[in-house]
Amino acid sequence: MGLSFSSGQKANGFPPDKSSGSKKQKQYQRIRKEKPQQHNFTHRLLAAALKSHSGNISCMDFSSNGKYLATCADDRTIRIWSTKDFLQREHRSMRANVELDHATLVRFSPDCRAFIVWLANGDTLRVFKMTKREDGGYTFTATPEDFPKKHKAPVIDVGIANTGKFIMTASSDTTVLIWSLKGQVLSTINTNQMNNTHAAVSPCGRFVASCGFTPDVKVWEVCFGKKGEFQEVVRAFELKGHSAAVRSFAFSNDSRRMASVSKDGTWKLWDTDVEYKKQQDPYLLRTGRFEEAAGAAPCRLALSPDAQVLALASGSSIHLYNTRRGEKEECFERVHGECITDLSFDITGRFLASCGDRAVRLFHNTPGHRAIVEEMQGHLKRASTDSTRQRLQQKLTQAQETLKSLGALKK
(Lines give C-alpha, C1' and ligand atoms only; values in the text may rest on other atoms or scores of the structure.)
Protein backbone atom coordinates (compact mmCIF):
# COMPACT_ATOMS: atom_id res chain seq x y z
CA MET A 1 0.00 0.00 0.00
CA GLY A 2 3.04 2.30 -0.06
CA LEU A 3 2.83 5.45 -2.11
CA SER A 4 4.49 8.76 -2.65
CA PHE A 5 3.78 12.02 -4.40
CA SER A 6 4.07 11.64 -8.15
CA SER A 7 3.89 14.42 -10.67
CA GLY A 8 0.77 14.65 -12.81
CA GLN A 9 2.86 13.68 -15.84
CA LYS A 10 3.87 10.26 -14.58
CA ALA A 11 0.52 9.51 -13.02
CA ASN A 12 -1.18 10.39 -16.27
CA GLY A 13 0.72 7.58 -17.93
CA PHE A 14 1.89 9.62 -20.92
CA PRO A 15 3.51 7.45 -23.62
CA PRO A 16 7.26 7.07 -23.10
CA ASP A 17 9.84 8.85 -25.22
CA LYS A 18 9.47 7.72 -28.85
CA SER A 19 13.25 7.54 -29.52
CA SER A 20 13.70 4.31 -27.57
CA GLY A 21 11.77 2.11 -29.95
CA SER A 22 11.39 -1.26 -28.23
CA LYS A 23 8.54 -3.53 -29.36
CA LYS A 24 6.82 -3.31 -25.99
CA GLN A 25 6.64 0.47 -26.13
CA LYS A 26 5.22 0.52 -29.65
CA GLN A 27 2.57 -1.91 -28.54
CA TYR A 28 1.91 0.29 -25.49
CA GLN A 29 1.45 3.36 -27.66
CA ARG A 30 -1.06 1.50 -29.83
CA ILE A 31 -3.08 0.53 -26.75
CA ARG A 32 -3.06 4.13 -25.48
CA LYS A 33 -4.56 5.41 -28.74
CA GLU A 34 -7.62 3.22 -28.38
CA LYS A 35 -8.45 4.73 -24.97
CA PRO A 36 -11.31 7.25 -24.94
CA GLN A 37 -10.11 10.79 -25.50
CA GLN A 38 -10.00 13.04 -22.44
CA HIS A 39 -12.80 15.61 -22.57
CA ASN A 40 -11.35 19.02 -23.37
CA PHE A 41 -12.73 22.07 -21.63
CA THR A 42 -11.38 25.62 -21.51
CA HIS A 43 -12.69 28.72 -19.76
CA ARG A 44 -11.07 31.91 -18.50
CA LEU A 45 -12.21 31.06 -14.95
CA LEU A 46 -10.82 27.51 -15.04
CA ALA A 47 -8.04 27.52 -12.45
CA ALA A 48 -6.82 23.95 -12.94
CA ALA A 49 -7.67 20.46 -14.16
CA LEU A 50 -6.41 17.59 -12.00
CA LYS A 51 -5.66 14.56 -14.17
CA SER A 52 -4.22 11.32 -12.80
CA HIS A 53 -7.19 8.97 -12.65
CA SER A 54 -7.67 6.48 -15.48
CA GLY A 55 -11.33 5.92 -14.54
CA ASN A 56 -14.34 8.16 -13.92
CA ILE A 57 -14.31 10.04 -10.59
CA SER A 58 -17.43 9.57 -8.49
CA CYS A 59 -16.68 11.53 -5.31
CA MET A 60 -14.27 14.02 -3.71
CA ASP A 61 -13.64 15.54 -0.30
CA PHE A 62 -11.53 18.43 1.01
CA SER A 63 -9.72 17.77 4.29
CA SER A 64 -10.74 20.02 7.19
CA ASN A 65 -7.20 21.43 7.49
CA GLY A 66 -7.49 22.62 3.88
CA LYS A 67 -4.32 20.82 2.76
CA TYR A 68 -5.74 17.96 0.70
CA LEU A 69 -8.41 16.94 -1.77
CA ALA A 70 -9.30 13.24 -1.94
CA THR A 71 -10.85 11.75 -5.08
CA CYS A 72 -12.01 8.21 -5.79
CA ALA A 73 -12.63 6.61 -9.17
CA ASP A 74 -13.56 3.28 -10.71
CA ASP A 75 -9.85 2.71 -11.54
CA ARG A 76 -9.43 1.12 -8.08
CA THR A 77 -7.52 4.08 -6.68
CA ILE A 78 -8.01 6.99 -4.33
CA ARG A 79 -5.91 10.04 -5.10
CA ILE A 80 -4.88 12.58 -2.48
CA TRP A 81 -4.01 15.96 -4.04
CA SER A 82 -2.09 18.79 -2.41
CA THR A 83 -4.25 21.96 -2.52
CA LYS A 84 -1.19 24.22 -2.48
CA ASP A 85 -0.33 22.90 -5.97
CA PHE A 86 -3.68 23.88 -7.48
CA LEU A 87 -2.31 26.93 -9.30
CA GLN A 88 1.01 25.26 -10.22
CA ARG A 89 1.63 23.64 -13.59
CA GLU A 90 2.21 20.23 -12.03
CA HIS A 91 -0.41 18.71 -9.74
CA ARG A 92 1.09 16.20 -7.37
CA SER A 93 -1.07 13.38 -6.12
CA MET A 94 -0.56 10.39 -3.86
CA ARG A 95 -2.23 7.11 -4.68
CA ALA A 96 -3.92 4.61 -2.42
CA ASN A 97 -4.95 1.32 -4.02
CA VAL A 98 -8.22 -0.43 -3.29
CA GLU A 99 -7.53 -4.15 -3.42
CA LEU A 100 -9.89 -6.09 -5.74
CA ASP A 101 -12.59 -3.40 -5.52
CA HIS A 102 -13.14 0.30 -6.09
CA ALA A 103 -14.41 3.14 -3.91
CA THR A 104 -17.55 5.10 -4.82
CA LEU A 105 -17.48 7.56 -1.88
CA VAL A 106 -14.61 9.06 0.13
CA ARG A 107 -14.43 11.20 3.31
CA PHE A 108 -11.49 12.45 5.38
CA SER A 109 -11.47 11.89 9.12
CA PRO A 110 -11.62 15.14 11.17
CA ASP A 111 -7.93 14.81 12.20
CA CYS A 112 -6.92 14.29 8.54
CA ARG A 113 -4.94 11.19 9.49
CA ALA A 114 -7.35 8.74 7.88
CA PHE A 115 -10.14 8.53 5.33
CA ILE A 116 -13.11 6.24 4.86
CA VAL A 117 -14.38 4.84 1.57
CA TRP A 118 -17.49 2.99 0.49
CA LEU A 119 -16.61 -0.13 -1.50
CA ALA A 120 -18.59 -0.78 -4.71
CA ASN A 121 -18.44 -4.57 -4.66
CA GLY A 122 -17.80 -5.13 -0.96
CA ASP A 123 -20.84 -2.97 -0.09
CA THR A 124 -19.20 -1.79 3.10
CA LEU A 125 -17.03 0.90 4.69
CA ARG A 126 -13.27 0.59 4.74
CA VAL A 127 -10.94 2.79 6.78
CA PHE A 128 -7.51 3.81 5.46
CA LYS A 129 -4.91 5.18 7.90
CA MET A 130 -2.49 7.80 6.59
CA THR A 131 1.02 7.50 8.05
CA LYS A 132 3.64 10.11 7.24
CA ARG A 133 6.97 8.70 6.13
CA GLU A 134 10.43 10.17 6.71
CA ASP A 135 10.69 11.21 3.06
CA GLY A 136 7.54 13.36 3.43
CA GLY A 137 5.30 10.95 1.54
CA TYR A 138 2.48 8.94 3.08
CA THR A 139 1.78 5.28 3.49
CA PHE A 140 -1.89 4.31 3.34
CA THR A 141 -2.93 1.19 5.21
CA ALA A 142 -6.42 -0.30 5.15
CA THR A 143 -7.53 -1.37 8.62
CA PRO A 144 -7.80 -5.19 8.87
CA GLU A 145 -11.58 -5.28 9.37
CA ASP A 146 -14.15 -3.59 7.16
CA PHE A 147 -17.46 -2.45 8.70
CA PRO A 148 -20.21 -5.10 8.91
CA LYS A 149 -22.78 -5.15 6.08
CA LYS A 150 -26.06 -3.62 7.25
CA HIS A 151 -27.64 -1.82 4.27
CA LYS A 152 -30.17 -3.60 2.04
CA ALA A 153 -30.02 -1.06 -0.81
CA PRO A 154 -27.13 0.72 -2.59
CA VAL A 155 -25.37 3.34 -0.44
CA ILE A 156 -25.53 6.87 -1.89
CA ASP A 157 -23.75 8.99 0.75
CA VAL A 158 -21.38 8.73 3.69
CA GLY A 159 -20.20 11.33 6.20
CA ILE A 160 -18.11 11.71 9.36
CA ALA A 161 -18.97 14.15 12.14
CA ASN A 162 -16.16 16.68 12.70
CA THR A 163 -16.44 15.85 16.42
CA GLY A 164 -15.20 12.35 15.55
CA LYS A 165 -18.19 10.87 17.36
CA PHE A 166 -20.04 9.15 14.53
CA ILE A 167 -20.16 8.11 10.88
CA MET A 168 -23.31 8.31 8.75
CA THR A 169 -24.22 6.08 5.80
CA ALA A 170 -27.38 6.50 3.72
CA SER A 171 -28.85 4.10 1.17
CA SER A 172 -31.30 4.61 -1.70
CA ASP A 173 -34.20 3.08 0.24
CA THR A 174 -35.20 5.13 3.32
CA THR A 175 -32.39 4.05 5.64
CA VAL A 176 -29.76 6.25 7.28
CA LEU A 177 -27.41 4.51 9.72
CA ILE A 178 -25.42 6.18 12.49
CA TRP A 179 -22.23 4.26 13.35
CA SER A 180 -19.56 4.50 16.01
CA LEU A 181 -16.07 4.89 14.58
CA LYS A 182 -15.43 1.28 15.55
CA GLY A 183 -18.17 0.00 13.26
CA GLN A 184 -21.13 -0.49 15.62
CA VAL A 185 -24.57 0.71 14.52
CA LEU A 186 -25.70 3.28 17.10
CA SER A 187 -29.01 4.12 15.47
CA THR A 188 -31.17 3.41 12.41
CA ILE A 189 -33.17 6.28 10.94
CA ASN A 190 -36.13 5.70 8.63
CA THR A 191 -36.45 8.93 6.61
CA ASN A 192 -39.96 8.10 5.31
CA GLN A 193 -39.04 9.90 2.09
CA MET A 194 -39.95 7.00 -0.24
CA ASN A 195 -36.32 6.88 -1.35
CA ASN A 196 -33.24 8.85 -0.29
CA THR A 197 -31.44 10.87 -2.96
CA HIS A 198 -28.94 12.71 -0.74
CA ALA A 199 -27.83 12.74 2.90
CA ALA A 200 -25.14 14.68 4.78
CA VAL A 201 -23.65 15.38 8.19
CA SER A 202 -23.64 19.09 9.11
CA PRO A 203 -20.18 20.73 9.36
CA CYS A 204 -20.81 21.37 13.09
CA GLY A 205 -21.20 17.61 13.59
CA ARG A 206 -24.54 17.85 15.42
CA PHE A 207 -26.98 17.13 12.61
CA VAL A 208 -27.72 14.59 9.92
CA ALA A 209 -30.06 15.55 7.07
CA SER A 210 -31.66 13.79 4.12
CA CYS A 211 -33.84 14.47 1.11
CA GLY A 212 -35.69 12.20 -1.28
CA PHE A 213 -38.98 11.79 -3.06
CA THR A 214 -40.83 14.19 -0.70
CA PRO A 215 -40.79 18.02 -1.01
CA ASP A 216 -38.84 18.54 2.23
CA VAL A 217 -35.39 18.16 3.79
CA LYS A 218 -35.46 16.38 7.15
CA VAL A 219 -32.87 17.16 9.82
CA TRP A 220 -32.05 15.11 12.94
CA GLU A 221 -29.77 15.80 15.87
CA VAL A 222 -27.40 13.02 16.96
CA CYS A 223 -27.17 13.44 20.75
CA PHE A 224 -24.29 12.43 23.02
CA GLY A 225 -23.92 12.60 26.80
CA LYS A 226 -21.41 14.63 28.80
CA LYS A 227 -18.92 11.76 28.75
CA GLY A 228 -19.21 11.36 24.99
CA GLU A 229 -21.52 8.34 25.13
CA PHE A 230 -24.21 8.06 22.43
CA GLN A 231 -27.74 8.84 23.67
CA GLU A 232 -30.29 9.18 20.87
CA VAL A 233 -31.23 10.60 17.50
CA VAL A 234 -34.05 13.17 17.64
CA ARG A 235 -35.99 15.02 14.94
CA ALA A 236 -34.68 18.60 14.87
CA PHE A 237 -36.38 20.54 12.05
CA GLU A 238 -37.48 20.38 8.43
CA LEU A 239 -37.03 22.61 5.40
CA LYS A 240 -40.56 22.93 4.05
CA GLY A 241 -41.64 25.05 1.10
CA HIS A 242 -40.79 23.20 -2.10
CA SER A 243 -43.71 21.79 -4.09
CA ALA A 244 -41.90 18.74 -5.51
CA ALA A 245 -39.11 16.30 -4.61
CA VAL A 246 -35.91 17.87 -3.26
CA ARG A 247 -32.98 16.81 -5.47
CA SER A 248 -30.12 17.95 -3.25
CA PHE A 249 -29.17 20.25 -0.35
CA ALA A 250 -26.08 21.57 1.43
CA PHE A 251 -24.98 23.28 4.65
CA SER A 252 -22.83 26.41 4.96
CA ASN A 253 -19.56 26.03 6.86
CA ASP A 254 -21.01 27.20 10.19
CA SER A 255 -24.19 25.09 9.71
CA ARG A 256 -26.31 28.23 10.14
CA ARG A 257 -27.48 28.29 6.54
CA MET A 258 -28.78 25.57 4.23
CA ALA A 259 -29.62 25.53 0.54
CA SER A 260 -31.91 23.15 -1.34
CA VAL A 261 -32.85 22.53 -4.96
CA SER A 262 -36.05 20.85 -6.09
CA LYS A 263 -37.80 19.26 -9.04
CA ASP A 264 -40.21 22.23 -8.81
CA GLY A 265 -37.51 24.25 -10.69
CA THR A 266 -36.43 26.41 -7.73
CA TRP A 267 -33.58 26.64 -5.23
CA LYS A 268 -34.01 28.00 -1.72
CA LEU A 269 -31.65 29.44 0.90
CA TRP A 270 -32.61 28.94 4.55
CA ASP A 271 -31.60 30.38 7.91
CA THR A 272 -31.26 27.26 10.06
CA ASP A 273 -29.73 29.03 13.08
CA VAL A 274 -32.87 28.35 15.11
CA GLU A 275 -33.74 27.02 18.53
CA TYR A 276 -35.70 24.06 17.28
CA LYS A 277 -36.28 22.81 20.85
CA LYS A 278 -38.43 25.90 21.32
CA GLN A 279 -40.35 24.94 18.14
CA GLN A 280 -38.60 27.60 16.07
CA ASP A 281 -38.72 26.75 12.35
CA PRO A 282 -35.96 27.60 9.85
CA TYR A 283 -36.85 30.64 7.79
CA LEU A 284 -36.67 31.07 4.10
CA LEU A 285 -34.24 33.83 3.04
CA ARG A 286 -34.34 33.55 -0.74
CA THR A 287 -35.89 31.60 -3.61
CA GLY A 288 -34.31 31.46 -7.06
CA ARG A 289 -35.21 29.80 -10.38
CA PHE A 290 -33.33 26.77 -11.66
CA GLU A 291 -35.49 25.21 -14.36
CA GLU A 292 -32.88 22.53 -15.12
CA ALA A 293 -33.72 20.83 -11.78
CA ALA A 294 -37.12 19.86 -13.17
CA GLY A 295 -35.46 17.70 -15.85
CA ALA A 296 -34.18 14.15 -15.64
CA ALA A 297 -30.45 15.00 -15.63
CA PRO A 298 -28.57 14.42 -12.35
CA CYS A 299 -28.59 17.53 -10.16
CA ARG A 300 -25.90 18.61 -7.65
CA LEU A 301 -25.67 21.54 -5.28
CA ALA A 302 -22.82 23.17 -3.33
CA LEU A 303 -22.95 26.17 -0.99
CA SER A 304 -19.83 28.28 -0.48
CA PRO A 305 -18.45 28.22 3.10
CA ASP A 306 -19.79 31.77 3.73
CA ALA A 307 -23.17 30.93 2.08
CA GLN A 308 -22.73 33.84 -0.38
CA VAL A 309 -22.55 31.65 -3.48
CA LEU A 310 -24.68 28.73 -4.61
CA ALA A 311 -23.35 26.34 -7.26
CA LEU A 312 -25.84 24.14 -9.09
CA ALA A 313 -24.93 21.42 -11.55
CA SER A 314 -27.29 19.82 -14.01
CA GLY A 315 -25.92 17.18 -16.34
CA SER A 316 -22.43 18.43 -17.26
CA SER A 317 -23.05 22.17 -16.75
CA ILE A 318 -22.55 24.40 -13.68
CA HIS A 319 -24.43 27.58 -12.74
CA LEU A 320 -23.28 30.02 -10.03
CA TYR A 321 -25.75 32.27 -8.21
CA ASN A 322 -25.23 34.94 -5.59
CA THR A 323 -27.52 34.27 -2.63
CA ARG A 324 -27.98 37.95 -1.67
CA ARG A 325 -30.22 38.67 -4.65
CA GLY A 326 -30.55 35.26 -6.29
CA GLU A 327 -28.92 36.35 -9.55
CA LYS A 328 -27.08 33.96 -11.84
CA GLU A 329 -23.50 35.23 -12.24
CA GLU A 330 -21.60 32.51 -14.10
CA CYS A 331 -22.42 29.51 -16.26
CA PHE A 332 -19.93 26.82 -17.34
CA GLU A 333 -21.24 24.46 -20.01
CA ARG A 334 -20.12 20.91 -20.85
CA VAL A 335 -17.49 20.99 -18.11
CA HIS A 336 -17.07 17.19 -18.18
CA GLY A 337 -17.51 14.44 -20.73
CA GLU A 338 -20.01 12.75 -18.38
CA CYS A 339 -22.66 13.99 -15.94
CA ILE A 340 -21.21 15.81 -12.92
CA THR A 341 -20.99 13.40 -9.98
CA ASP A 342 -19.77 15.79 -7.27
CA LEU A 343 -19.49 19.52 -6.66
CA SER A 344 -17.68 21.19 -3.77
CA PHE A 345 -16.13 24.49 -2.71
CA ASP A 346 -12.70 24.31 -1.08
CA ILE A 347 -12.63 25.44 2.55
CA THR A 348 -11.33 28.94 1.69
CA GLY A 349 -14.20 29.44 -0.77
CA ARG A 350 -11.73 30.59 -3.46
CA PHE A 351 -12.32 27.56 -5.67
CA LEU A 352 -15.21 25.41 -6.81
CA ALA A 353 -14.30 21.82 -7.71
CA SER A 354 -16.32 19.51 -9.95
CA CYS A 355 -15.83 15.94 -11.17
CA GLY A 356 -17.62 13.58 -13.53
CA ASP A 357 -15.14 12.17 -16.02
CA ARG A 358 -11.47 11.35 -15.29
CA ALA A 359 -10.55 14.92 -14.28
CA VAL A 360 -11.35 17.32 -11.45
CA ARG A 361 -11.91 20.86 -12.70
CA LEU A 362 -11.31 23.81 -10.39
CA PHE A 363 -12.93 27.19 -11.02
CA HIS A 364 -12.19 30.60 -9.56
CA ASN A 365 -15.19 31.59 -7.42
CA THR A 366 -15.69 35.06 -8.92
CA PRO A 367 -19.17 35.58 -7.37
CA GLY A 368 -17.49 35.01 -3.98
CA HIS A 369 -14.96 37.79 -4.63
CA ARG A 370 -17.76 40.10 -5.84
CA ALA A 371 -19.67 39.39 -2.62
CA ILE A 372 -16.61 40.48 -0.61
CA VAL A 373 -16.34 43.70 -2.67
CA GLU A 374 -20.00 44.51 -2.00
CA GLU A 375 -19.80 43.61 1.68
CA MET A 376 -16.63 45.68 2.28
CA GLN A 377 -18.08 48.69 0.45
CA GLY A 378 -21.11 48.49 2.75
CA HIS A 379 -18.95 48.18 5.88
CA LEU A 380 -16.71 51.09 4.80
CA LYS A 381 -19.68 53.46 4.75
CA ARG A 382 -20.40 52.59 8.38
CA ALA A 383 -16.79 52.26 9.61
CA SER A 384 -16.11 54.49 12.62
CA THR A 385 -12.35 54.12 13.16
CA ASP A 386 -9.35 54.53 10.88
CA SER A 387 -7.95 51.10 11.70
CA THR A 388 -11.26 49.45 10.78
CA ARG A 389 -11.38 51.48 7.58
CA GLN A 390 -7.83 50.42 6.71
CA ARG A 391 -8.60 46.73 7.32
CA LEU A 392 -11.79 46.86 5.22
CA GLN A 393 -10.03 48.76 2.44
CA GLN A 394 -7.30 46.12 2.35
CA LYS A 395 -9.85 43.30 1.95
CA LEU A 396 -11.73 45.31 -0.67
CA THR A 397 -8.59 46.05 -2.71
CA GLN A 398 -7.51 42.42 -2.51
CA ALA A 399 -10.87 41.15 -3.85
CA GLN A 400 -10.87 43.81 -6.61
CA GLU A 401 -7.31 42.89 -7.63
CA THR A 402 -8.26 39.21 -7.82
CA LEU A 403 -11.29 39.98 -10.00
CA LYS A 404 -9.16 42.27 -12.21
CA SER A 405 -6.55 39.55 -12.73
CA LEU A 406 -9.34 37.15 -13.77
CA GLY A 407 -10.84 39.73 -16.13
CA ALA A 408 -14.02 39.54 -14.09
CA LEU A 409 -14.46 43.06 -12.65
CA LYS A 410 -18.00 44.21 -13.33
CA LYS A 411 -17.98 47.32 -15.49
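These numbers come from a predicted model, not from an experiment. Side chains are part of it too, since the values below use all heavy atoms of this structure and drop only hydrogens, waters and symmetry mates.
The main-chain N or O of Ala307 is never found under 3.5 Å from a side-chain atom of Ser252 such that the two would form a donor-acceptor pair. Within the 3.5 Å criterion, the main-chain N or O of Ala245 finds a donor-acceptor partner in the side chain of Ser262. Ser260 places no side-chain N or O within 3.5 Å of a backbone atom of Phe249 that could act as its donor or acceptor partner. Side-chain atoms of Ser405 come within 3.5 Å of backbone atoms of Thr402 as a donor-acceptor pair (strictly under, hydrogens ignored). In this structure a side-chain-to-backbone donor-acceptor pair under 3.5 Å is missing from Arg95 to Arg79. Judged purely by atom type and a 3.5 angstrom limit, Ser354 has no side-chain atom pairing as donor or acceptor with the backbone of Leu362. Arg257 places no side-chain N or O within donor-acceptor distance of the main-chain N or O of Phe251, the cut-off being under 3.5 Å. With Ser248 contributing its side chain and Val261 its backbone, the two residues share no donor-acceptor pair below 3.5 Å. No donor-acceptor distance shorter than 3.5 angstrom exists from the side chain of Tyr276 to the backbone of Arg235, with no hydrogens or angles considered. In this structure, Asp101 contributes its side chain and Asn121 its backbone to a donor-acceptor pair below 3.5 Å.
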Q) Should Glu238 and Lys240 be marked as a salt bridge (charged side-chain N to carboxylate O under 4.0 Å, His left out) after you check the CA-CA gap, both sets of side-chain angles, and the distance that decides it? A) CA-CA 6 Å; Glu238 287 179 15; Lys240 285 184 182 153; 3.5 Å; yes
Q.
Would Leu343 and Leu352 count as a side chain to side chain contact (heavy atoms under 4.5 Å, CB included) here? Give the steps.
A. CA-CA 7 Å; Leu343 198 60; Leu352 172 71; 4.1 Å; yes
Q: Apply side chain to side chain contact (heavy atoms under 4.5 Å, CB included) to the pair Phe230 and Val222, showing each step before the final yes or no.
A: CA-CA 8 Å; Phe230 171 74; Val222 184; 3.9 Å; yes
Q | From CA spacing to verdict: side chain to side chain contact (heavy atoms under 4.5 Å, CB included), Arg358, Lys51 | A | CA-CA 7 Å; Arg358 299 183 328 218; Lys51 298 174 181 178; over 6 Å; no
Q: Starting from the C-alpha separation in whole Å, work towards a yes-or-no answer on side chain to side chain contact (heavy atoms under 4.5 Å, CB included) for Arg361 and Phe332.
A: CA-CA 11 Å; Arg361 303 205 194 277; Phe332 311 125; over 6 Å; no
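Taking a 6.0 Å sphere around CD of Gln394, one finds it holds 12 or fewer heavy atoms contributed by other residues, nucleotides or ligands. More than 12 heavy atoms of other shown residues, nucleotides or ligands fall within 6.0 angstrom of atom NZ in Lys328. Open room surrounds CZ on Arg89; 12 or fewer heavy atoms of other groups in view lie less than 6.0 Å from it. Annotation: Gln88, atom CD; neighbour count of heavy atoms from other residues, nucleotides and ligands within 6.0 Å is above 12. Residue Lys395 places its NZ atom among 12 or fewer non-hydrogen atoms of other residues, nucleotides or ligands, all under 6.0 Å distant. Within 6.0 Å of CZ on Arg324 lie more than 12 heavy atoms contributed by other residues, nucleotides or ligands. For Gln377, the CD atom counts as densely surrounded, since its 6.0 Å shell holds more than 12 non-hydrogen atoms of other residues, nucleotides or ligands.
Taking 4.0 Å as the cut-off between side-chain N and carboxylate O, Arg325 and Glu327 count as a salt-bridged pair. Look at Lys152 and Asp173 and you find no salt bridge, because none of the NZ, NE, NH1 or NH2 atoms lies under 4.0 Å from a carboxylate O. A salt bridge links Asp85 with Arg92; the closest basic N to acidic carboxylate O contact falls under 4.0 Å. Taking 4.0 Å as the cut-off between side-chain N and carboxylate O, Arg206 and Glu221 count as a salt-bridged pair. At a threshold of 4.0 Å, the pair Arg289-Glu291 counts as salt-bridged, since one of the basic side-chain nitrogens sits closer than that to a carboxylate oxygen.
Taking CZ from Arg350 and OG1 from Thr83, the interatomic distance works out to 9.0 Å, rounded to the nearest 0.5 Å. Distance check, rounded to the nearest 0.5 Å: CD of Glu330 to CG of Asn365 gives 9.0 Å. Annotation: the span from Asn195 atom CG to Ser210 atom OG amounts to 10.5 Å, rounded to 0.5 Å.
Closest heavy-atom contact between Tyr283 and Val274: CE2-CG1, 4.4 Å. Pro203 and Ser255 make their closest contact through CD-OG, 3.3 Å (heavy atoms, listed as atom of the first residue, atom of the second, distance). Closest approach of Ser187 to Val233, counting heavy atoms only: OG-CG2, 3.5 Å. In this structure, Ala353 and Met60 approach most closely via the heavy-atom pair O-CE, 3.1 Å. In this structure, Pro148 and Thr124 approach most closely via the heavy-atom pair O-OG1, 4.1 Å.
Contact annotation: the side chain of Asp123 never approaches that of Val155 to less than 4.5 Å [non-hydrogen atoms, C-beta and beyond]. Side-chain contact between Thr188 and Lys150 is absent, with no heavy atoms from C-beta onward closer than 4.5 Å.
There is a side-chain donor-acceptor pair under 3.5 Å between Asp264 and His242.
Ring geometry for Trp179 versus His151: interplanar angle of 30 to 60°, hence tilted.
Among Phe41, Phe351, Phe86, the single residue meeting the ring pair (Phe, Tyr, Trp, His ring centres under 6.0 Å) criterion with Phe363 is Phe41.
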